[in-house]
Every structure is written in C-alpha cells, then in structure tokens.
Asks: 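Pasting a structure below so you can have a look.
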Protein chains: 2
Amino acid sequence: MTTARAPQREHIDAESKVDESPQHHRVELRLWLRLLTCATLIEAEIRKRLRENFNTTLPRFDLMAQLERAPDGVLLGELSRRMMVSNGNVTGLVERLVQEGLIERQVSERDRRAAIVRLTEHGRSVFARMASAHSDWVAELLAELPAQEQKALWSQLGDLKHSVHTAIARGQRTAEPGQDR
Amino acid sequence: MTTARAPQREHIDAESKVDESPQHHRVELRLWLRLLTCATLIEAEIRKRLRENFNTTLPRFDLMAQLERAPDGVLLGELSRRMMVSNGNVTGLVERLVQEGLIERQVSERDRRAAIVRLTEHGRSVFARMASAHSDWVAELLAELPAQEQKALWSQLGDLKHSVHTAIARGQRTAEPGQDR
DNA sequence: ACAAGATAGTTTAAGGTTAAAAGAAATTAC
DNA sequence: GTAATTTCTTTTAACCTTAAACTATCTTGT
C-alpha cells in the first residue's frame, strides 16, 4: 500500500514556454506567437486564481461582467455577440449561473423567442468582490511595466486590432459576394 | 414544409467586440482586455481557416509544430510542458493524431514509463503545407501594421512577458515556502 | 534488497467550445 | 392571410481542457 502522494502538478510552469522565434520565421509570425504566449500566460494565471479564490471560471466571470453594466438585462444573442462565443455556449453558461443563483433568466414579453438575463442581487454582490480582485491581479501581473509603456502598448494593440479587422472584413467581402450589409 | 435554410452563422462577427475600456477601469485592465481581444480575434480566424482548409484544429497543429523541429521525437511530458497544457490533454491529442497517421508513438526503451512521439513521413509533408499557409494567414492579418511597429510591439510584449513571469514567480515563492529550485 | 518516494503517463469527471441541425416565434412578400 | 423566410434559442455530437486520482515504472536511502 502506498502512502499519500503530493497532488500531481498539472499546472504549467512559468519556465516552460513555447519556443517563440525560430530564426527563420517571419516577423509577423514571431509577433503573433509572442502575443499568444502573453495572453495564454495571463489567462492561465487568472483562471487559476478565479478557481482558487472564488471557485468559478473565466467564462462565467466574463458573462457576469457583461451583465454588470446592464441593469435592465441583456438578450442572449447580444450576450453571445459581446462575448464573441457561440449561442449554444451561452445557453450552457447561463444554465449554470442560474443554478448558482447568480443570474436570473426571463422570457421577453415582446418577443417570446427571446430571453433576457440579468444579475441577481446576490450575483451583483459576488461579482463586485470578484471584479475588484480581478483588477488587482491584472495590475499585479503588469506591475513591472512602466505606465508609459503600458499606454504605448495599448495604443499599438489598437493598430493591430484594426489591421486584423480589416483583413477579416476584406476576406468576407470576397468570399460572400452580394451579401453586403 | 420549410426549404433548406442557410447554415446558421454561429461564427462571431468582426464587428461584435467586447467593450474594452469602460472609463473607470485602470490602465492595466484596459491593456489586458485589448490584448485578449487581439489574441481572440486572430486565434478564431486561424482556427476557422485550419478547419476549412485542412480539416484540423489549432491544438493538433500546435502539437505537430512542436514535433517538426525534433526529428528524433519528443517525450510526452516535454510536449506537455512546451505546449503549456496538461498531460492528460496531450494524451488525447496524440491519440487522435496517431489515428490520422500523422504522428507515431513509441515506448522509450530506456524508461518503459515514457513514450516518444514523432511525425510520420506523411505527417511531415502535411505539416509543411499547413505551416506555410498558417504563416501566410498571420502575415495577412497583420499586414496593415508597418514592419517598424511590428518590431516595436514584439519588443514591448517581451517586457510584458517578463513582468508576468516575475509576478507569477514571486507569487509561487511566497505560496510554497522551502520548495526552491 | 527493499521500502519509500519520485516520475511518466492515463483515466475520470466536469466543464468549455464549436458547427450544424432543429424548434419556435416573428416578419416579409405577395 | 398565408407561405416563405428570417431570427432567437436550444440541442447534439465531437473535441478541447483541466484537476485529481490512479497505474506502472524508476530511483534513492539504508
């Protein structure tokens, strides 16, 4: 009979990192890989802390964040668009959050296909605590970056976002002719 | 009887975007949200193209990319560390890629617990085509960003990465005393 | 040698995610 | 007014992902 083992450390080490930039890769590719590494690193840490501190997940937190600034509630479709995830995904997330008593769901009266969700009183209070901690965590993770550089980075990422949007829009225009809107 | 419907557009619109920067948020938080938006946007587009053009997924592509530069193969654990995902995750991905004949799996002779995976000849050839397209796609998405700005961004993301690593390491140091290595 | 512990990988349970198909209600075209 | 179409949501099947528990093997201390 074996004695109790230390729980296996599935969690990724800060050390282990993708090889971001083999010599022969284009600048664009290296930039994308580094951007992805940064996002993955931060996201993993935030997921971990949300679980450890609030026993919740990032998608649930994101959904609640969307509801927080809409006291009158949001339609599921609008939620799905804002969160950039599929409709079916939202269906499941809402289900679980309702189960936990953090949000409430109500069929629209004007359109009986549609459903509106909003935070409950409890949900609002819980979210306030989570959001505060979340903001602190992000500030902590970026702490070594001077404010000046943070602003510059934010601005440049705006340009990057614009480039991506442009490229995607161009692709859709050529792929779906006559579908203009 | 209804006629055939156009396939539902589950895919997110380029338009629909998270509200990145409510006025009252800290700079750090706004930076993080914008970084996440960029990463999500690019990643979604690449996933979509991998599926449409090669009928594969990003995790599978990533795994093959790790093997590409290791002709002698890689241990599963090493793979898991490099990809920044859990061991169990790699187990499943390897299973499916072996099934597709793109990689091969072999028990290590020196350590019968360990397993080595490497690309098959077929896998290597398929990956070459995928990697080429992938590189083009990324270049296309970032095309509007001047080379100069790409380099600046890459460099600043290096600082960001460093900040995150530092913060995480500091947290682990205080959380797990005596666990130095 | 052998008990104790460490290490490599798999399994399991739970949840997140998507595309596609389908259901239900509203809108539009005639 | 009603058939056709669009819109809002759910369901389904498949995959990705993780933490924790578990199996099998190797290593170490004595």
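Chain letters run A, B, ... following the sequence lines, proteins first, then strands; residues in each count from 1.
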Asks: Taking the side chain of B:Pro59 as heavy atoms from C-beta outward, which of C:dG9, D:dT9, D:dT17 is closest to it?
Replies: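 Closest of the options to the side chain of B:Pro59: D:dT17.
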Asks: Give B:Leu93 one of three labels, base, sugar-phosphate or nothing, depending on what nucleic acid heavy atoms sit under 4.0 Å from its own.
Replies: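 Sugar-phosphate, no base atom in range.
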Asks: Output yes when B:Asp136 and B:Arg49 qualify as a salt bridge under the 4.0 Å nitrogen-oxygen rule, no when they do not.
Replies: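 Salt bridge between B:Asp136 and B:Arg49, a charged N being under 4.0 Å from a carboxylate O: no.
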Asks: Pull out every protein N or O sitting under 3.5 Å from an N or O of nucleotides 26-29 of chain C, one pair per line with the distance.
Replies:
from: C:dA26; atom 1: OP1; to: A:Arg112; atom 2: N; distance (Å): 3.3

Asks: In whole Å, I'd like the distance from the CD atom of A:Glu43 to the C1' atom of C:dT17.
Replies: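 Rounded to the whole Å, the gap is 13 Å.
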Asks: Is any side-chain N of the basic residue among B:Glu78 and B:Arg81 closer than 4.0 Å to the acidic one's carboxylate O?
Replies: yes
Asks: Take the protein atom CG of A:Asn89 and the nucleotide atom C1' of D:dC15, then report the distance between them rounded to whole Å.
Replies: 13 Å
Asks: Students often get this wrong, so: under 4.0 angstrom with heavy atoms, is B:Ser108 touching a base, only sugar-phosphate, or nothing?
Replies: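 No contact.
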Asks: Could you tell me how far apart A:Asn87 (CG) and C:dG23 (P) are, to the nearest whole angstrom?
Replies: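 The distance from CG of A:Asn87 to P of C:dG23 comes to 17 Å, rounded to the nearest Å.
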Asks: According to salt bridge (charged side-chain N to carboxylate O under 4.0 Å, His left out), who are the partners of A:Glu43, at least two apart in sequence or on a separate chain?
Replies: A:Arg47
Asks: I need the full list of ring-ring contact (aromatic ring centres under 6.0 Å, His included) pairs touching residues 88-129 of chain A, with sequence neighbours left out, sorted by first then second residue.
Replies: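 Qualifying pairs: A:Phe61-A:Phe127.
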Asks: Measure CD/A:Glu100 against P/C:dA14 and give the value in whole Å, please.
Replies: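 After rounding, the reported distance stands at 15 Å.
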Asks: Of B:Leu76 and A:Gly92, whose nearest nucleotide on DNA chain C comes first from the 5' end?
Replies: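 By nearest-heavy-atom nucleotide position, the 5'-most residue is B:Leu76.
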Asks: Counting only heavy atoms from other residues, nucleotides and ligands, does the tally under 6.0 Å from CD of A:Gln99 exceed 12?
Replies: no
Asks: Please determine, for the side chain of B:Leu75, which listed nucleotide (C:dT18, D:dT18, C:dG9) has the closest atom?
Replies: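 Given the options C:dT18, D:dT18, C:dG9, the side chain of B:Leu75 is closest to C:dG9.
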Asks: Can a side chain N or O of B:Arg105 be found less than 4.0 Å away from OP1 or OP2 on C:dA8?
Replies: no
Asks: Take atom NZ of B:Lys48 and atom P of C:dA20, then tell me their distance rounded to the nearest Å.
Replies: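 B:Lys48 atom NZ is separated from C:dA20 atom P by 11 Å.
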Asks: Could you check whether A:Gln150 and B:Arg30, counting side-chain N and O atoms only, form a donor-acceptor pair closer than 3.5 Å?
Replies: no
Asks: Take atom CG of B:Leu97 and atom C1' of D:dC15, then tell me their distance rounded to the nearest Å.
Replies: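 Whole-Å distance recorded here is 12 Å.
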Asks: Before accepting this row, confirm whether a basic side-chain N of the pair B:Glu95/B:Arg105 lies closer than 4.0 Å to the acidic partner's carboxylate O.
Replies: no
Asks: To the nearest Å, how far apart are B:Arg47 CZ and D:dT17 C1'?
Replies: 11 Å
Asks: Rounded to the nearest angstrom, tell me the gap between atom CG in B:Leu79 and atom P in C:dT7.
Replies: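 After rounding, the reported distance stands at 20 Å.
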